[in-house]
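Here is the structure we will look at, set down as structure tokens.
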Amino acid sequence: MSIQKLQNHVIVRNEPFIEQAESLKPLLNEKIVTPTSMVEIKSDKEVIHGWKSEFVAPASTLDNCVYGKGDSVILDFGDHQVGYLSINIRPEGSPPDAPLKLKLTIGEMPVEIAEPFENYNGWLSSSWLQEETIFVDVLPAEINLPRRYSFRYVKLEVMDTSPKYRVVFENVECRAVSSANTNNVKIISHKDEQLQKMDKISIKTLADCMQDVFEDGPKRDRRLWLGDLRLQALANYETFKNNDLVKRCLYLFAGVPDDKGKVPANVFVAPKLIADDTYLFDYSLFFASTLHDYYFATSDLQTLQELWPTAFKQVEIALERLDENHILIDTADWWSFIDWQEGLNKQTPSQAILIYTMKQVIRLAQELNSPEMDLLSARLEKMETAAKTHLWDKQQQFFISGAERQVSWASQIWMVLAGVFSKEENQKLMDHLIKEKPEVGIATPYMYHHLVEALLVSGDKEQAKAEMKTYWGGMIQDGADTFWELYDPNNKDFSPYGSHLINSYCHAWSCTPTYLIRKYDL
């Protein structure tokens with residue numbers, strides 16, 4: 001064990017766990033991908049963000065084109081890529097008597113190519129926006145960009161040469177990388193073409209987020225987050241079955257708890273393993289949930305035995321927030337994520353997540369014949385009774401949350417997933433939710449996943465499929481080749497970060513349609 005101070009937290013590094021995680025670091029599979037076409041990005045108010053791409057010429061004709069100062073070309077790789085770009089550049093005309101100044105703008109969506117990054121005013125760092133300005137002193141040259149990019153489109157813009165020469169771009173390639181092995185995925189032939197396409201795009205989304213950890217997004221934040229990991233792992237069990245990558249991620253989190261035993265919401269893995277200073281009530285509990293799902297997917301008893309104390313500790317810490325009525329204390333000194341929905345009160349959905357996770361931890365305790373099982377069962381019974389006594393509004397037939405008795409989608413969804421009511425009562429609640437549509441709604445694919453799964457566990461496959469087709473199907477209609485971090489069909493410019501330019505358009509928590517389709521036989 002070693003100690004590391006991090007602002008308000010003291011990190012206790014478990015070196016054996018960290019070494020175990022490093023031993024599971026995967027080799028990345030590589031594939032050379034070339035652009036399919038040259039395109040223009042044109043204004044169109046009818047499409048998402050107001051920009052669309054239009055075919056100009058095959059990419060195979062690029063080496064016939066010559067570019068001088070002020071000229072540019074946009075390359076379309078035909079699908080989402082994650083990897084490293086290389087370009088060969090040769091001069092045309094007189095010998096180059098000045099360096100080439102070349103700007104590259106790299107984007108997942110047409111809007112990132114069309115709207116100048118100089119105009120960005122969001123609250124996340126503009127350094128996430130993908131662009132390069134390079135100077136080439138000697139031509140011809142082979143340029144290998146050192147940074148990894150997440151993109152479909154690349155704009156090459158000649159900022160300056162000299163009046164005496166122009167340039168030709170040749171052999172533009174992406175060395176695409178992923179730890180996912182597509183040969184492990186069982187191909188399904190779905191009679192519903194929309195669900196078939198959804199399954200394919202989900203798998204592509206997951207693969208592009210599978211690097212040496214399960215990243216939340218390969219463009220941004222490129223980090224291992226617990227909430228994303230839980231959903232990625234579920235999709236992985238149904239597709240790639242790279243279970244060692246899940247195991248690696250669990251050991252990474254268990255390797256850097258704070259001095260109270262709490263695991264962080266996310267970790268950095270380079271230049272070494274570092275715990276972020278963000279701690280979320282629900283995400284910490286999802287360590288135990290992810291361990292539960294991993295164990296029942298793999299029967300890996302040794303990992304369960306080693307990580308059980310970490311999992312149990314997350315529940316112990318969470319239980320400290322209960323008041324004398326066994327209800328979570330809702331004050332300003334905690335943060336539970338749940339969703340990006342503005343104004344969402346987190347008390348009741350968080351209570352439900354604690355109940356949901358405790359049931360999973362009790363199942364793990366049974367596997368281990370742990371003495372904590374009886375204690376957990378007694379606490380769980382009191383929490384469920386308290387939820388039905390203090391958080392259920394009989395008149396409205398909804399769960400309420402917080403001092404203002406807020407009715408939200410998240411509260412109903414998570415109480416259904418927690419199994420506080422019977423299946424029949426859950427179905428009635430979900431029918432009531434879909435009919436009444438409370439004002440405090442859903443903001444992210446992350447929460448939409450839980451809506452669909454709540455419908456499925458309550459027995460309504462048809463409504464679940466309808467929601468998937470409206471939501472993920474809407475993304476497909478709006479041009480998604482991987483599923484996005486954020487999507488509001490009624491406000492397609494939505495971003496919690498102040499600008500849709502910074503949104504991630506390949507994001508881990510959006511990859512679950514393949515899990516839902518395969519797990520629930522849709």
Side-chain angles (χ1 to χ4, degrees), residues 30-44 47 49 51-117 129-177 204 208 219 479 481-482 505:
E30 298 184 356
K31 180 175 67 172
I32 299 299
V33 183
T34 57
T36 58
S37 60
M38 293 183 278
V39 298
E40 290 182 2
I41 305 298
K42 292 191 172 182
S43 174
D44 187 338
V47 301
H49 304 140
W51 299 97
K52 67 179 180 181
S53 68
E54 282 192 1
F55 176 86
V56 172
S60 58
T61 64
L62 178 63
D63 58 5
N64 297 327
C65 303
V66 182
Y67 299 94
K69 180 178 180 178
D71 295 334
S72 63
V73 60
I74 300 169
L75 302 174
D76 180 357
F77 278 71
D79 201 355
H80 190 270
Q81 310 298 334
V82 178
Y84 299 87
L85 281 164
S86 61
I87 311 164
N88 288 355
I89 308 173
R90 63 177 170 86
E92 282 279 330
S94 299
D97 61 337
L100 164 67
K101 182 180 180 182
L102 179 67
K103 181 178 180 180
L104 295 91
T105 306
I106 302 158
E108 295 177 311
M109 293 287 286
V111 65
E112 295 169 84
I113 305 299
E115 296 184 4
F117 290 165
L129 301 173
Q130 301 180 110
E131 60 181 343
E132 296 275 3
T133 298
I134 60 175
F135 293 84
V136 185
D137 292 308
V138 179
L139 292 166
E142 179 180 330
I143 307 299
N144 293 288
L145 298 179
R147 295 187 68 207
R148 197 195 74 194
Y149 290 102
S150 178
F151 68 97
R152 174 171 172 170
Y153 302 98
V154 177
K155 182 179 181 180
L156 305 172
E157 187 174 0
V158 178
M159 305 299 289
D160 213 345
T161 54
S162 84
K164 297 184 68 175
Y165 79 96
R166 296 192 294 171
V167 294
V168 176
F169 301 113
E170 299 175 319
N171 301 324
V172 181
E173 294 180 344
C174 172
R175 176 168 57 88
V177 292
K204 172 65 171 167
D208 283 358
K219 169 183 148 183
D481 44 22
T482 50
Y505 294 96

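What you see is a predicted model, and the numbers here were worked out from it, not measured in a lab. Throughout, residue positions are numbered sequentially from 1 according to the sequence presented.
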With a 4.5 Å cut-off on side-chain heavy atoms, are [Y] and [X] touching?
| X | Y | result |
| --- | --- | --- |
| R148 | V82 | yes |
| N144 | Y84 | no |
| N88 | F169 | no |
| K52 | P110 | no |
| I89 | V168 | no |

Using side chain to side chain contact (heavy atoms under 4.5 Å, CB included) as the criterion, list what pairs up with P99, not counting sequence neighbours. D137

Ring pair (Phe, Tyr, Trp, His ring centres under 6.0 Å) contacts touching residues 135-165 (sequence neighbours left out): F77-F151

Any sub-3.5 Å donor-acceptor pair from [X]'s side-chain atoms to [Y]'s backbone N or O?
| X | Y | result |
| --- | --- | --- |
| T482 | Y505 | yes |
| K204 | H80 | yes |
| E112 | M109 | yes |

Could you tell me the separation between the [atom1] atom of [X] and the [atom2] atom of [Y], rounded to the nearest 0.5 Å?
| X | Y | atom1 | atom2 | value |
| --- | --- | --- | --- | --- |
| L156 | M38 | CG | CE | 11.0 Å |
| T36 | D76 | OG1 | CG | 4.5 Å |
| E170 | D63 | CD | CG | 5.5 Å |
| I74 | S72 | CD1 | OG | 6.0 Å |
| S86 | R175 | OG | CZ | 8.5 Å |
| S53 | R152 | OG | CZ | 6.0 Å |

Please evaluate residues I106 and E131 with respect to the criterion side-chain contact (heavy atoms from CB on, under 4.5 Å), reporting the C-alpha separation (whole Å), side-chain torsions for both, the decisive distance (0.1 Å), and the verdict. CA-CA 6 Å; I106 302 158; E131 60 181 343; over 6 Å; no

Just by distance, with hydrogens left out, do S150 and E108 show a side-chain donor and acceptor under 3.5 Å apart? yes

Locate the shortest heavy-atom distance separating [X] from [Y]; write the atom from each residue and the value.
| X | Y | value |
| --- | --- | --- |
| F55 | V39 | CA-CG1, 4.2 Å |
| A176 | V33 | CB-CG2, 4.0 Å |
| P96 | P91 | CG-CB, 3.6 Å |
| S162 | A98 | CB-CB, 3.9 Å |
| L75 | P35 | CB-CB, 4.0 Å |

Quick one, E132 with R147, criterion side-chain contact (heavy atoms from CB on, under 4.5 Å). Give me CA distance, side-chain angles, the key distance, then yes/no. CA-CA 10 Å; E132 296 275 3; R147 295 187 68 207; 3.4 Å; yes

Check the pair D44 / W51 against side-chain contact (heavy atoms from CB on, under 4.5 Å), numbers first and verdict last. CA-CA 5 Å; D44 187 338; W51 299 97; over 6 Å; no

Verdict with supporting geometry, E92 and R90, salt bridge (Lys or Arg N to Asp or Glu O under 4.0 Å): CA-CA 7 Å; E92 282 279 330; R90 63 177 170 86; 2.5 Å; yes

I'd like to know whether V172 forms a side-chain contact (heavy atoms from CB on, under 4.5 Å) with L62, so could you lay out the CA-CA distance, the side-chain angles of the two residues, the decisive distance to 0.1 Å, and finally the verdict. CA-CA 9 Å; V172 181; L62 178 63; 3.8 Å; yes

Qualifying residue for side-chain contact (heavy atoms from CB on, under 4.5 Å) with T161, from D97, L102, L100, L139: L100

Partner of L104 by side-chain contact (heavy atoms from CB on, under 4.5 Å), out of I87, T133, I143: I87

